[in-house]
Asker: 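To start, I am sharing the structure in question, which I have written as structure tokens.
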Amino acid sequence: MKRKRPAKIIDGKKISAAILNDLRDEIATLNRKGIVPGLAVALVGDDPASQVYVRAKRRTCADLGIASFSYDLPRNCAEKRLLKLIDKLNADPKVHGILVQMPLPKQISEKRALEAIRPEKDVDGFHPVNVGRLLNGEECFAACTPAGCHALLLRSGYDPAGKHVVIVGRSNIVGKPLAALLMQKAAGANATVTVCHSRTRNIGRYTREADILVAAMGVPEFIKPRMVREGAVVLDVGVNRIPDASRKSGTRLIGDVAFAGVSKKARAITPVPGGVGPMTIAMLMTNTVKAARLASEGR
Ligand code: GUN
């Protein structure tokens, strides 16, 4: 049976704007102590998608009054050069957060680059020390997209406590850290978490059991209406660019969820674009301000 009412659209643009607005107060407090939060963003090469993301991050910094330090390195940049830059930024007290945009060209080890960043400045939450702390339920920087999913749920009034959250996708950037976040014994978490992936047999059997379903596998419109329980809350982390001749750009973005059908069954759903996407930047800014605050407290 189809739900009578269409799903509530969870507006990531509005919620991220509210988070950024709250941050302005915290930044003003730091400013009064003579501290300007600073984020260094390093981009290696000229991947068009990465350029778009990096531009958005730098623009948001400017809008909030976060100092942004830009490093654009050529595609053929040697690993040593990037590691030297990271060392310099690690030692710079004006830089509270360091972000190296992924993916990196193949001559550079992503693992070595991420592990070179001091965990106290790892506002992306990708350093193994932060990943381990997250799993242990300790104070840390959580990766921005999972943190954004969590914030979307809480700010829309869907506390995951006691709920069955089914995550489809087991990436180090989204699926695994989101599972770690939501299963913690902590206020705003306490979910029962199932993680499905490409080797899961009969995925629908699990997704249909979800109170909260998170699609993060990177397959366009993989989640069909028959895979979703009536009244579920659905978060779509997918960002897939597909050809669309009717658009001036010739392409458009779609998610990992077949939105038109699923939104007739779900209680609430995030759109693509305008759902999880804007939250990632909001959480990056949140982590940067937190890094500045912790540094100012000598931690
Ligand atoms: N590439 C795609 N998403 C991200 C992200 O959140 N952080 C970094 N550093 N690179 C990315």
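One-based numbering, in listed order, for ligands and for the atoms of each. Along the sequence shown, the residues carry numbers beginning at 1. Just so we're clear, the structure is a prediction, and the values are computed from it rather than from any experiment. Just so it is clear, the values below take in all heavy atoms, side chains as well, and ignore hydrogens, waters and symmetry mates.
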Asker: Would Y53 count as a contact of ligand 1 if the rule is a heavy atom under 4.0 Å away?
Answerer: no

Asker: Just to confirm my output: which protein heavy-atom neighbour is closest to atom 4 (C) of ligand 1, and how far is it?
Answerer: Q101 NE2, 4.1 Å

Asker: Check whether any N or O atom of L99, backbone or side chain, sits under 3.5 Å from an N or O atom of ligand 1, and answer yes or no.
Answerer: no

Asker: Please test L64 against I27 for side-chain contact (heavy atoms from CB on, under 4.5 Å), starting from the C-alpha separation and ending with a verdict.
Answerer: CA-CA 8 Å; L64 288 177; I27 293 168; 4.0 Å; yes

Asker: Under the 3.5 angstrom rule, does the side chain of N190 hit a backbone N or O of G162 as a donor-acceptor pair?
Answerer: no

Asker: With respect to D211, which candidate in R229, R267, K163, H164 satisfies the side chain to side chain donor-acceptor pair (under 3.5 Å) definition?
Answerer: R229

Asker: When you look for heavy atoms under 4.0 Å from ligand 1, do you find them on the side chain of V100, its backbone, both, or neither?
Answerer: backbone

Asker: Please check this pair: side chain of E209 against backbone of V165, looking for a donor-acceptor N/O pair closer than 3.5 Å.
Answerer: no

Asker: Between the side chain of D122 and the main-chain N/O of R118, is any donor-acceptor distance below 3.5 Å?
Answerer: no

Asker: So which heavy atom in the protein is nearest atom 6 (O) of ligand 1, and how far is it from that ligand atom?
Answerer: D124 OD1, 3.8 Å

Asker: So which protein heavy atom does atom 10 (N) of ligand 1 come closest to, and at what separation?
Answerer: M102 N, 2.9 Å

